[in-house]
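The block underneath contains the structure these notes are about, expressed in structure tokens.
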Amino acid sequence: MSWFNTIAILLVAYLAIYAQATFNEFRHLVVVQIDLIPSLVVYAALSGGVLTFTIVALSCGLWIDSLSANPLGISLLPLFLVGLVIHQFSDLILRQQAFAQFILGLCATAAVPIVTLVLLMNTQVQPLLSWFSLWQWIAMSLMGGAITPLWFFVFNRIGETFNYRPLGESSFRPDRQIKRGRQ
Amino acid sequence: MLKRPQYIALGVIILCTFVLLKLPDRAAANLKLAISGIFLPLFGMSGSLGDLAENSSYSLLSRRELIRQLQWQHKTNQLSTLYFRQADEWKRENDRLRDYFNIPRQYPWKTKMARVVARDPVNWWKTITIDRGTRDGVVTNLPVVTAEGLVGRIAGVSFAQSHVVLVGDPDCRVAVLVGDDKSREQGFIAPASSSPLDHALVDLTYLSRNSKLIPGQVVVTSGMGGVFPKGIVVGQIADFRSIGYGLYKEAQVRLAVNMNRLEEVFILMP
């Protein structure tokens with residue numbers, strides 16, 4: 001596991017949650033707030049190990065709940081479950097394909113609010129739900145899907161910038177070395 | 001099949017969720033506010049940047065524009081002074097009559113201005129975060145208003161910030177009065193059930209079938225419940241209908257405050 005990768009994801013998640021709480025133009029436009037975190041968990045599950053996506057799910061869940069009226073801890077399990085399922089099938093996923101990233105982001109962003117709401121229904125709180133929430137769910141999922149390839153692009157660029165580049169294959173071959181002089 | 005590390009991680013997450021959800025309300029609220037403190041540097045930085053941008057924009061204003069604004073402020077100030085003197089006279093008269101009839105006096109509201117620093121990042125709640133906390137004397141359940149009307153109530157307080165639950169959230173029920181002085185009806189403000197697209201609309205429920213409602217009537221807080229003082233404007237009647245086979249009436253209220261554009265609010269201090 002690359003600690004740099006985990007720290008980079010956490011840092012981006014921290015800024016993303018802050019942006020989600022303070023940037024309201026999209027909310028004013030389509031009456032929906034984008035959820036950036038499930039797509040980040042998708043990236044964490046595909047690029048790191050169990051510890052990476054567990055730390056990301058734990059931190060992001062606590063941060064989101066602390067800024068919202070959600071009961072503290074309600075977002076941990078949905079985010080972790082998304083990461084767990086994706087990590088379980090990570091060998092079968094074409095992670096470099098933008099379309100696959102979009103579908104994964106869409107499914108993750110669609111699944112997280114549903115699991116969260118199921119958990120919320122089992123607590124004493126009553127969330128603000130109506131038929132309009134269906135539109136919010138669809139728009140949120142589509143935006144989550146659209147943002148996922150962007151996360152992959154951003155983290156690839158961060159990785160390229162801060163990590164050592166792998167050495168290119170040299171044309172030197174010892175068996176083809178020209179040996180001069182008398183034997 | 002899951003592998004061993006995945007089982008361990010799943011167990012840890014389930015345990016954390018269970019423990020956090022089972023925490024006592026007070027402990028959970030304190031922990032929540034402590035965790036949200038991690039965002040304080042970003043909130044502080046964005047506030048400073050906002051102030052800087054505002055101050056920079058002032059230096060761009062022309063002298064002519066400044067003089068024009070000053071003149072307008074002067075005129076508004078004169079008018080406000082006139083209204084204030086008139087209101088002061090009414091207050092004295094009101095106090096005299098209250099003393100005469102042995103009715104307790106009403107004291108003016110003490111307000112504290114706060115800046116809105118964040119909104120709920122989740123779609124199913126209507127809350128905001130403001131930059132006043134226990135260090136400013138803020139406690140839970142204090143009403144939050146703007147010059148236009150009621151905004152909500154303080155739901156949680158940390159050292160430097162507070163969470164405000166807005167009118168229209170299921171957690172912010174407001175007892176209100178509607179109608180003229182002769183026939184005032186009492187009701188409750190509840191989240192909008194029929195027009196979720198328009199966030200400025202909420203429902204006014206528990207009205208009697210004989211209520212005489214007219215679109216445009218002002219809805220004010222009734223003072224019942226002990227959280228909101230009497231007389232804060234909530235909104236205006238937009239529409240009404242009979243429900244329960246004509247046994248009750250329900251109205252839609254257009255909120256006086258645009259909740260989407262809140263920047264500064266006032267906390268009514270005790």
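The structure displayed is predicted, hence computed values, not measured ones. Letters A, B, ... mirror the listed sequences (proteins, then strands); counts begin at 1.
Both the backbone and the side chain of A:Val32 come within less than 4.5 Å of a heavy atom in chain B. Using a 4.5 Å cut-off between heavy atoms, A:Leu120 touches chain B through its side chain atoms alone. Neither the backbone nor the side chain of B:Val12 comes within contact range of chain A; no heavy atoms are under 4.5 Å apart. No part of B:Phe18 comes within reach of chain A, as not one of its non-hydrogen atoms sits under 4.5 angstrom from that chain. For chain A, the nearby part of B:Thr127 is the side chain; its heavy atoms alone come within less than 4.5 Å. When heavy atoms are compared at a cutoff of 4.5 Å, B:Leu33 does not approach chain A at all. If you measure heavy-atom distances from A:Leu79 to chain B, you find no contacts under 4.5 Å at all.
There is a side-chain donor-acceptor pair under 3.5 Å between A:Ser75 and A:Asp65. Side-chain contact annotation: B:Trp124 with A:Asn70, donor-acceptor N/O pair under 3.5 Å present.
Listed options A:Ile37, A:Leu67, A:Leu77, A:Leu81 were ranked by heavy-atom pairs under 4.5 angstrom with chain B; first place goes to A:Leu67. Counting heavy-atom pairs under 4.5 Å between each of A:Ala19, A:Ala57, A:Gly73 and chain B puts A:Gly73 at the top. With chain B as the partner, the residue from A:Ala69, A:Pro113, A:Ala21 showing the most heavy-atom pairs under 4.5 Å is A:Ala69. Note on A:Val50, A:Leu15, A:Leu36, A:Val125: by heavy-atom pairs under 4.5 Å with chain B, the leading option is A:Val50. With chain A as partner, the option from B:Leu21, B:Asp171, B:Asp169, B:Val165 having the largest number of non-hydrogen pairs under 4.5 angstrom is B:Leu21.
B:Asp203 CG to B:Ile189 CD1: the interatomic distance, rounded to the nearest 0.5 Å, is 8.5 Å. Summarising the geometry, atom CZ belonging to B:Arg254 is positioned 10.5 Å from atom CG belonging to B:Asp239; distances are rounded to the nearest 0.5 Å.
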For residues 147-155 of chain A, please give each side-chain donor-acceptor pair under 3.5 Å, one per line with the distance, not counting sequence neighbours.
residue, atom, partner, partner atom, Å
A:Thr148, OG1, A:Gly144, O, 2.7
A:Trp151, NE1, A:Ser39, OG, 2.8

Review item, side-chain donor-acceptor pairs of residues 256-270 of chain B, under 3.5 Å, at least two apart:
residue, atom, partner, partner atom, Å
B:Asn258, OD1, B:Asn260, N, 3.1
B:Arg261, NH1, A:His28, ND1, 3.4

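At most 12 non-hydrogen atoms from other residues, nucleotides or ligands lie less than 6.0 angstrom from CZ of B:Phe188. The environment of A:Phe102 atom CZ is dense: over 12 non-hydrogen atoms of other residues, nucleotides or ligands sit within 6.0 angstrom.
At a heavy-atom separation below 4.5 angstrom, chain A is approached by no residue within residues 134-146 of chain B.
Residue pairs meeting the salt bridge (charged side-chain N to carboxylate O under 4.0 Å, His left out) criterion with at least one member in residues 37-57 of chain B, sequence neighbours excluded, are B:Asp51-B:Arg115.
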Checking A:Ser47 against A:Asn5 for the side-chain hydrogen bond (donor to acceptor under 3.5 Å, both in side chains) test, could you report, in this order, the C-alpha distance in whole Å, the side-chain angles of both residues, the deciding distance, and whether it holds?
CA-CA 8 Å; A:Ser47 66; A:Asn5 190 36; 3.1 Å; yes
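Checked against a 6.0 Å centroid threshold, the rings of A:Phe80 and A:Phe53 count as neighbours. Ring centers of A:Phe23 and A:Tyr18: at least 6.0 Å apart, outside the cut-off.
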